[in-house]
Amino acid sequence: MSNDFIISLKQSVVEAFASLYQHSLTQDEVKIENTNPSFEGSFTFVVFPFLRITKSKPEQSGEAIGSFIAAKHDEIKSFNVVKGFLNFELTDAFWLSYLSNLQTAKSLGQKTTSPQKVMVEYSSPNTNKPLHLGHVRNNLLGYSISKILAYYGHNVVKANLINDRGIHICKSMLAYQLFANGETPSSGNIKGDHLVGKYYVMFDKAYKEEQAALIAGGLSEEEAKKQSSLMTQARDMLTKWEQGDEETLALWEKLNNWVYAGFDISYKRMGVEFDAIYKESQTYLLGKEMVIKGLSDGVFFKKDDGSIWVDLTEDGLDQKLLLRADGTSVYMTQDIGTADLKYQDHNMDESIYVVGNEQEYHFKVLKLILKKLGKPYAEGVQHMSYGMVELPSGKLKTREGKVVDADDLMDEMYATAQERTEEQGKTDGLEPTALSELFETLGLGALKYFLLKVDPTKRILFNPAESIDFHGNTGTFIQYTFARCSSILRSASITPTVSDSVSLDPTEKTLIEHFFRFDEVLKDAAKQMSPALIAQYLYDTAKHYNSFYNQCPILKADTDELVGLRLGLTATTAKMLETCGDLLGMKMPSKM
RNA sequence: GGUCUCAUAGCUCAACUGGAUAGAGCAACUGCCUUCUAAGCAGUAGGUUUCAGGUUCGAGUCCUGAUGGGAUCACCA
């Protein structure tokens, strides 16, 4: 595979230093880079760092090393030295044979040599509201990272931890009890998650009104909070829930099941899925046990009021509450229990949490606590911290109704895709069901690419007033290129075969060079957990193919050999687009 | 206030983790459909990489400071 050549090139550099300068280098010290496109060549060795060894000028060193290496490799057509940059240009035969190997390869890209068992937790919704744009980014990132790691050769378990209990859940339950008059998803003709979300917002509104009234009655803000009847009722509900009160549990289950049914529809449409589902209602007791055991082992300490804490001041952090005085659990309690249960179930090497960067502190603390408890898996706990999605007006806030709803957004993407396709009159000859499938593919493809092409660690500004683009650096452009490849392959009368006796057009060579880089991109994407690297690669693939397409006739090329080669390039492009698209969860239409 | 983080073309993003002349898309302008899908291609214009120092063969990238955003430091999750 591709790396073999790079390794042999590195080895030659090592030999060159041994022979020319009597200096022994290791291969790891030698870096081979891709040549900057504005210079001749494909691969570059930078000699600057080694001038102390060569004890000669950059140009002289480059020439000497270049001559030594070129003599050892038939694949090297020529080399040139610009300042301290030694550039190698390879023969067409090398690139043709590389392309030929790609065509017969079972799958594209080199896999990892050290596969591990990895759990990727993502989505992690609360069962008191529907999914919004922030969840969409989380879901797409988590799913894509799972796909990338699995494709790279790891054994991946996709997990979803559902926040199905706690005071916030009780708020929507209470509002439902007070205001709903027995409304159900079917009676209200509303998706279950949206129905419950409606009452969560309603609670907040009623609570604010109550506060305002109390404060108007002469109470301080703090007093008003204490005297809130709504909040007291919600707390009572939580206590009842923890005590196993039947009526409360029945209401809880009813609402949660409505929400799950709603989530299932959204997940399916987004194209994400899970291998394991965890619920906090099933892990918080385990968390409590672990905290209590930690206390008796002297890892934690108890305050006078009976609450249990961990002291992290030695690690530069604060004291952190682990269990309330009344014995009820907090977020951290649950996460400790969940971490342990996950490990009992799957015994993984690494546990990746795809969670927003606003929770960096929380995960730092979680990892420290697990270490203090002496858990063997603590080291493998990793927070994949991604940036928030923000609106021009600021952060998304469900309670205030300031959100972009996930289901609405997908509907809009579908509608826009339909509009654009109809504008171009490209709906002819397709059945209604095929058309509807196409609009879904295009709309969601544009959405997924839009969210995944950005570096995950950076925050995204989303302006709902400007719809997501279908031209330029977009998912649509990539899908269009795939459809174009498919169309050509459909009309081809001969099979793609790569002969070694043709000479390459610059656009053809650029495309093959680009294929060569996939190994490196895949490796980096897996290492950095960055779908953005795959997205960027995908875009470049389409870009290079389209340049080639406009420059070179394919089916009407002069000789059968050329037709075969160009069909080979087309087939490999299609395969690459489909493979990388799949890593992002994007579908590729064969016609559009 | 402490800690973390971000700042690149009018806008949205890249830049192979310290390499050569900082690249794409959108918006603007100019060409290219009687030939394999023009949701495309080729080109023009647009930059003191927020500012001031430093480190070295070399800095958008590393260090120090300043300015301006964001997050976090809850008996919320």
Side-chain angles (χ1 to χ4, degrees), chain A residues 31 33-39 44 46-49 51-52 58 82-85 87 124 126 128 163 165-169 280 303 305 307 309 316-318 320-326 328-332 334-335 356-362 364 385 387-388 390 394-395 417 420-421 423-424 426 442 446 450 453-455 457-463 466 469-474 476-481 483-492 517 520-521 524 528 532-533 535-536 539-540 542-543 545-557 563 566-567 570 591-592:
Chain A
K31 277 172 95 180
E33 299 175 17
N34 298 317
T35 303
N36 183 308
S38 39
F39 295 88
T44 296
V46 185
V47 300
F48 282 119
L51 295 181
R52 280 196 195 91
V82 183
K83 292 188 264 179
F85 298 92
N87 304 317
S124 320
N126 295 324
N128 61 348
N163 265 284
R165 64 167 294 280
I167 189 75
H168 56 302
I169 307 296
E280 294 202 336
K303 289 200 174 171
D305 65 359
S307 56
W309 296 69
L317 304 173
D318 296 323
K320 190 84 187 170
L321 175 84
L322 298 179
L323 210 55
R324 295 189 185 104
D326 63 7
T328 58
S329 63
V330 292
Y331 183 36
M332 189 59 79
Q334 293 162 183
D335 257 10
N357 59 15
E358 57 187 359
Q359 291 193 32
E360 272 170 14
Y361 186 81
H362 173 79
K364 210 184 270 182
S385 164
M388 301 281 98
E390 286 176 21
K395 227 183 144 180
R420 297 296 154 86
T421 308
E423 267 169 24
Q424 304 206 20
K426 291 196 173 182
L442 296 180
F450 176 83
K453 75 170 176 182
V454 182
D455 181 338
T457 63
K458 294 193 173 170
R459 65 199 176 112
I460 289 184
L461 257 167
F462 179 78
N463 189 347
E466 298 168 16
D469 238 305
F470 283 71
H471 294 272
N473 188 353
T474 62
T476 315
F477 168 70
I478 288 151
Q479 291 171 324
Y480 177 76
T481 307
R484 173 179 264 176
C485 291
S486 303
S487 167
I488 291 168
L489 293 170
R490 271 196 301 271
S491 344
R517 288 185 197 132
E520 193 189 341
V521 171
D524 287 349
Q528 296 174 38
L533 295 178
Q536 183 66 40
Y539 176 66
D540 289 338
K543 196 80 190 153
Y545 179 80
N546 284 324
S547 284
F548 153 70
Y549 168 88
N550 274 272
Q551 183 67 33
C552 304
I554 297 168
L555 297 173
K556 291 176 182 160
V563 175
R566 290 174 182 173
L567 282 174
T570 303
K591 258 185 199 171
M592 65 184 271

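Throughout, protein chains are lettered first and strands after them, A, B, ... in sequence-line order, and every chain is numbered starting at 1.
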**Q** Donor-acceptor pair, distance only, cut-off 3.5 Å: does the side chain of A:Ser487 make one with the backbone of A:Ala483?
**A** no

**Q** Counting distance alone, no hydrogens or angles: does the base of B:A20 have a donor or acceptor under 3.5 Å from a partner atom on the side chain of A:Asn87?
**A**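 Result: at least one qualifying N/O pair found.
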
**Q** Using atom names, set out every protein N or O paired with an N or O of nucleotides 12-18 of chain B below 3.5 Å, distance rounded to 0.1 Å.
**A**
residue, atom, partner, partner atom, Å
B:A14, OP1, A:Asp455, N, 2.8
B:A14, OP2, A:Lys458, NZ, 3.2
B:C16, O2', A:Glu520, OE2, 3.1
B:C16, O2, A:Asn34, ND2, 3.2
B:U17, N3, A:Gln528, NE2, 3.4
B:U17, O4, A:Gln528, OE1, 2.3
B:U17, O4, A:Gln528, NE2, 2.5

**Q** Measure CG/A:Asn546 against C1'/B:A39 and give the value in whole Å, please.
**A**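 It is 10 Å, rounded to the nearest whole Å.
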
**Q** Sequence neighbours excluded, which residues qualify as ring pair (Phe, Tyr, Trp, His ring centres under 6.0 Å) partners of A:Tyr331?
**A**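 If we apply the ring pair (Phe, Tyr, Trp, His ring centres under 6.0 Å) test to A:Tyr331, skipping adjacent residues, the hits are A:His362.
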
**Q** Excluding sequence neighbours, so at least two apart, what forms side chain to side chain contact (heavy atoms under 4.5 Å, CB included) with A:Thr474?
**A**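 In terms of side chain to side chain contact (heavy atoms under 4.5 Å, CB included), with neighbours along the sequence ignored, A:Thr474 is linked to A:Asp469, A:Thr476, A:Phe477.
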
**Q** According to the Watson-Crick and G-U wobble definition with distances under 3.5 Å, which dot-bracket string, read 5' to 3', encodes RNA chain B, using [ ] for crossing pairs and | for pairs with another strand?
**A** (((((((..((((.....[...)))).(((((.......))))).....(((((..]....))))))))))))....

**Q** Under 3.5 Å, which protein N or O atoms sit close to an N or O of nucleotides 31-37 of chain B? Give each pair with its distance.
**A**
residue, atom, partner, partner atom, Å
B:U35, O2', A:Lys556, NZ, 2.4
B:C36, O2, A:Ile554, N, 3.4
B:C36, O2, A:Leu555, N, 2.9
B:C36, N3, A:Ile554, N, 3.0
B:C36, N4, A:Tyr549, O, 3.0
B:C36, N4, A:Cys552, O, 3.2
B:U37, OP1, A:Ser487, OG, 2.6
B:U37, OP2, A:Ser487, OG, 3.2
B:U37, O2', A:Tyr480, OH, 2.5
B:U37, O2', A:Arg484, NE, 3.0
B:U37, O2', A:Arg484, NH2, 3.3
B:U37, O2, A:Lys426, NZ, 3.3
B:U37, N3, A:Met592, O, 3.2
B:U37, O4, A:Ala483, O, 3.2
B:U37, O4, A:Met592, N, 3.4

**Q** For A:Ser547 and B:A42, is the shortest distance between a side-chain N/O and OP1 or OP2 below 4.0 Å?
**A**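 Result: yes.
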
**Q** Taking syn as any angle within 90 degrees of 0 and anti as the rest, which one fits B:C6?
**A** anti

**Q** I need the CE-P distance between A:Met388 and B:U5, as an integer number of Å.
**A** 16 Å

**Q** Taking 4.0 Å as the cut-off, does a side-chain nitrogen or oxygen of A:His471 come that near to OP1 or OP2 on B:G40?
**A** yes

**Q** Using whole Å, what does the distance between atom P of nucleotide B:A77 and atom CD of A:Glu360 come to?
**A** 20 Å

**Q** Round to a whole Å and report the spacing from CD of A:Glu280 to C1' of B:A77.
**A** 8 Å

**Q** Could you check whether A:Phe85 and the base of B:A20 form a stacked pair, meaning centres closer than 5.5 Å and planes differing by less than 30°?
**A**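 Stack criterion met.
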
**Q** Taking only N/O atoms, report every protein-nucleotides 72-75 of chain B pair under 3.5 Å with atom names and distance.
**A**
residue, atom, partner, partner atom, Å
B:C73, O2', A:Asp318, OD2, 2.7
B:C75, N4, A:Asp305, OD2, 2.4

**Q** For B:U17, does the O4'-C1'-N9-C4 (purine) or O4'-C1'-N1-C2 (pyrimidine) torsion place it in syn, i.e. within 90° of 0, or in anti?
**A**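 It is syn.
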
